[in-house]
Number of protein chains: 2
Amino acid sequence: MTSIIKNFPGRHHDHAACIESALEQAVTLCRERGARLTPLRRRVLEIVWESHAPLGAYDALQRMNAGGERNAPPTVYRALEFLLEHGLIHRIESRNAFVGCTTPGNSHKAQFFICRDCGNVAETHSEEIGEAIKASATRTGFLVEKPVVEISGRCLKCHDDE
Amino acid sequence: MTSIIKNFPGRHHDHAACIESALEQAVTLCRERGARLTPLRRRVLEIVWESHAPLGAYDALQRMNAGGERNAPPTVYRALEFLLEHGLIHRIESRNAFVGCTTPGNSHKAQFFICRDCGNVAETHSEEIGEAIKASATRTGFLVEKPVVEISGRCLKCHDDE
DNA sequence: TTTAGCTTTGCTATAGTATAATATATCTAT
DNA sequence: ATAGATATATTATACTATAGCAAAGCTAAA
């Protein structure tokens with residue numbers, strides 16, 4: 001069932017299955033919640049999932065309109081907002097872009113590793129990072145609400161290929 | 001000498017001294033490096049330091065032009081770029097905004113705590129967070145280059161005042 | 001002290017990201 | 001079938017950022 005990849009996509013990553021799995025999970029999750037995954041929203045999710053690299057809103061819009069449609073920016077932004085609310089995608093703040101969530105429904109605090117070469121993102125959920133942030137916050141006199149942890153660098157595949 | 005505050009500004013924070021100290025440190029650091037802290041760049045640094053909250057580029061521009069000047073966006077962006085290069089300010093990715101660096105010259109990896117109420121930012125340099133990120137990166141197969149750690153929440157002062 | 005080369009600033013235009021506001025359409029539950 | 005709520009369409013505009021080139025200023029060597 002869960003064939004969404006967790007770390008960086010390997011050499012034999014079956015991305016068609018990956019997308020399919022993400023969409024299936026989204027359908028299930030929305031049904032459970034009574035949220036309406038309309039064709040438009042579903043289409044945007046599918047587009048975001050076309051790769052493991054963060055996609056800009058206007059890039060998504062271009063893909064939506066590739067067949068001659070005339071969707072305007074608010075349309076894609078509203079769809080993205082819905083997908084964010086339901087934890088189906090993440091916003092990558094340091095890129096002004098969006099990426100599919102690998103663990104929809106468990107939308108706790110995540111960290112993102114973003115390869116500067118291939119652009120792919122790996123999502124982790126490290127307790128250790130979360131705890132370290134909490135400890136530092138306490139020392140600083142701060143109550144954590146929304147941690148943004150986005151690490152740029154290189155994935156091993158790109159490093160090895162260099 | 002170093003009167004730049006490290007955590008959130010307290011009730012009796014002397015901000016005039018805080019700005020002065022930041023500018024002094026900048027002058028010293030640029031002299032050491034042979035970098036040219038021109039009046040324009042110095043002015044932008046001063047504006048960024050007017051508060052402990054991240055300031056947008058266009059807000060800085062407005063302040064620069066408050067006396068009727070006609071500086072254009074590239075001018076402020078170039079000054080900000082210079083200040084970033086020399087570690088005198090930080091860019092807060094999640095806000096598209098800039099804040100003074102509290103430890104210029106030691107421009108290692110920093111973490112930022114950003115209060116959603118007062119907007120103030122505290123800068124920390126937690127080894128623990130850095131190590132936790134490194135460990136998670138290793139498990140994920142990733143080489144860290146530029147970690148972005150920006151935590152939104154509330155500072156204790158705002159929490160207590162509520 | 002003049003000139004050549006480099007750095008900085010000025011200026012215009014444009015690209016890229018995001019949302020306000022209002023109108024229309026669609027869905028859901030009675 | 002209809003009322004109320006939700007979703008989509010459309011236009012306009014705000015906000016963020018950079019490309020490209022011209023002019024001015026600085027620095028160092030002759």
Side-chain angles (χ1 to χ4, degrees), chain A residues 26-27 30-48 53-65 67-86 88-99 114 119 148 150, chain B residues 26-27 30-31 33-48 53-86 88-99 114 119 148 150:
Chain A
V27 168
C30 286
R31 183 157 30 223
E32 282 169 12
R33 296 189 178 192
R36 288 160 62 182
L37 186 64
T38 62
L40 190 140
R41 289 164 173 171
R42 189 193 146 95
R43 177 76 185 114
V44 172
L45 181 59
E46 197 172 31
I47 287 170
V48 169
L55 188 74
Y58 279 74
D59 294 326
L61 185 57
Q62 226 175 302
R63 296 279 301 104
M64 288 174 76
N65 289 344
E69 298 88 339
R70 309 281 249 145
N71 294 291
T75 297
V76 69
Y77 276 102
R78 277 187 299 237
L80 291 168
E81 191 183 11
F82 171 90
L83 297 170
L84 282 172
E85 267 167 14
H86 293 283
L88 297 169
I89 62 175
H90 294 286
R91 181 182 161 87
I92 304 299
E93 299 293 342
S94 55
R95 303 285 177 111
N96 299 325
F98 304 84
V99 72
I114 310 160
V148 170
E150 298 173 2
Chain B
V27 168
C30 286
R31 184 159 28 225
R33 296 190 180 192
R36 290 160 63 181
L37 187 62
T38 62
L40 190 138
R41 288 163 174 172
R42 190 193 144 94
R43 177 75 185 113
V44 172
L45 181 58
E46 199 172 28
I47 287 170
V48 169
L55 188 75
Y58 279 76
D59 294 325
L61 185 57
Q62 226 175 301
R63 297 280 301 106
M64 288 173 78
N65 289 344
E69 298 89 339
R70 310 281 248 146
N71 294 291
T75 298
V76 68
Y77 275 102
R78 279 187 298 234
L80 291 168
E81 190 183 12
F82 170 90
L83 298 170
L84 282 173
E85 267 167 14
H86 293 284
L88 297 168
I89 62 173
H90 294 285
R91 182 184 159 85
I92 305 297
E93 299 293 342
S94 55
R95 304 283 178 113
N96 298 326
F98 303 85
V99 73
I114 309 159
V148 170
E150 298 173 0

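Every chain is numbered from 1, with letters handed out A, B, ... down the list of sequences. Here the structure is a predicted model, which is why all the values come from computation and not from measurement.
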S.K.: Distance check, rounded to the nearest 0.5 Å: B/Leu45 atom CG versus B/Phe82 atom CZ?
M.R.: 9.5 Å
S.K.: If you look at every strand shown and take non-hydrogen atoms under 4.0 Å, does A/Arg91 touch a base, only sugar-phosphate, or nothing?
M.R.: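 Sugar-phosphate, no base atom in range.
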S.K.: Measure from the side-chain N and O atoms of B/Glu150 to the backbone N and O of B/Glu93, and report whether any donor-acceptor pair falls under 3.5 Å.
M.R.: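 Yes, because the side chain of B/Glu150 sits within donor-acceptor range (under 3.5 Å) of the backbone of B/Glu93.
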S.K.: Nearest 0.5 Å please: distance from the CG atom of B/Asn96 over to the CG atom of B/Leu55.
M.R.: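 Going from CG on B/Asn96 over to CG on B/Leu55, the span is 12.5 Å.
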S.K.: Would you mind reading off the distance between B/Arg43 atom CZ and C/dG10 atom P, rounded to a whole angstrom?
M.R.: 14 Å
S.K.: Write out all pairs satisfying side chain to side chain donor-acceptor pair (under 3.5 Å) with one or both partners inside residues 59-70 of chain B, taking only residues at least two apart or from two chains.
M.R.: B/Glu50-B/Arg63, B/Asn65-B/Asn71
S.K.: For A/His86, which of A/Glu81, A/Arg33, A/Arg41 qualifies under side-chain hydrogen bond (donor to acceptor under 3.5 Å, both in side chains)?
M.R.: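 Result: among A/Glu81, A/Arg33, A/Arg41, A/Arg33 is the only option passing the side-chain hydrogen bond (donor to acceptor under 3.5 Å, both in side chains) with A/His86.
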S.K.: Not counting sequence neighbours, which residues clear side-chain hydrogen bond (donor to acceptor under 3.5 Å, both in side chains) with B/Thr75? List them please.
M.R.: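 In terms of side-chain hydrogen bond (donor to acceptor under 3.5 Å, both in side chains), with neighbours along the sequence ignored, B/Thr75 is linked to no residue.
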S.K.: Nearest whole angstrom, please: distance from the C1' of D/dA17 to the CD of B/Glu93.
M.R.: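 About 13 Å, once rounded to whole Å.
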S.K.: Please state how far atom CG in B/Leu37 lies from atom C1' in C/dT7, giving the value in whole angstrom units.
M.R.: 15 Å
S.K.: Kindly write out the residues that satisfy ring pair (Phe, Tyr, Trp, His ring centres under 6.0 Å) with B/Tyr77, not counting sequence neighbours, or none if the list is empty.
M.R.: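 With neighbours one apart ignored, the set is empty.
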S.K.: Taking only the side-chain nitrogens and oxygens of B/Tyr77, find out if one of them lies under 4.0 Å from OP1 or OP2 of D/dT18.
M.R.: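 Checking D/dT18 against B/Tyr77, no side-chain N or O comes under 4.0 Å of OP1 or OP2.
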S.K.: In whole Å, I'd like the distance from the CG atom of A/Leu80 to the P atom of C/dT17.
M.R.: 12 Å
S.K.: Starting at atom CD of A/Glu81, determine the distance to atom P of D/dT6, rounded to an integer number of angstrom.
M.R.: 14 Å
S.K.: Between protein and nucleic acid, restricted to nucleotides 8-15 of chain D and to nitrogen or oxygen atoms under 3.5 Å apart, what atom pairs and distances do you find?
M.R.:
from	atom 1	to	atom 2	distance (Å)
D/dT8	OP1	A/Thr38	OG1	2.7
D/dA9	N7	A/Arg78	NH2	2.7
D/dA9	N6	A/Arg78	NH1	2.9

S.K.: Between A/Asn96 and D/dT16, is there a contact of a side-chain N or O with OP1 or OP2 at under 4.0 Å?
M.R.: no
S.K.: With nearest nucleotides of DNA chain D determined for A/Ala35 and B/Gly56 from heavy-atom distances, which residue corresponds to the more 5′ nucleotide?
M.R.: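 Nearer the 5' end of the strand: A/Ala35.
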S.K.: To the nearest 0.5 Å, how far apart are CD1 in A/Ile114 and OG in A/Ser94?
M.R.: 4.0 Å
S.K.: All N/O contacts under 3.5 Å from nucleotides 23-30 of chain C to the protein, with atom names and distances to one decimal?
M.R.:
none

S.K.: About how many Å separate CZ of A/Phe98 and CG of A/Leu80, when rounded to the nearest 0.5 Å?
M.R.: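 With rounding to 0.5 Å, CG (A/Leu80) is 5.0 Å from CZ (A/Phe98).
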S.K.: Can you tell me the distance, in whole Å, between the CG atom of A/Leu61 and the C1' atom of C/dA18?
M.R.: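 Distance check: A/Leu61 CG to C/dA18 C1' gives 12 Å.
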S.K.: Could you give the angle between the helix axes at the two ends of the helix from C/dT1-D/dA30 to C/dT30-D/dA1, with five pairs per end, rounded to 10 degrees?
M.R.: 20°
S.K.: Atom CZ of B/Phe98 to atom P of D/dT16: distance rounded to whole Å?
M.R.: 10 Å
S.K.: Rounded to the nearest 0.5 Å, what's the gap from CG on B/Leu40 to CE on B/Met64? Could you check?
M.R.: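 If I round to the nearest 0.5 Å, the distance is 4.5 Å.
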S.K.: What distance do B/Thr38 atom OG1 and B/Arg78 atom CZ have between them, rounded to the nearest 0.5 Å?
M.R.: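 Here the interatomic distance stands at 11.0 Å.
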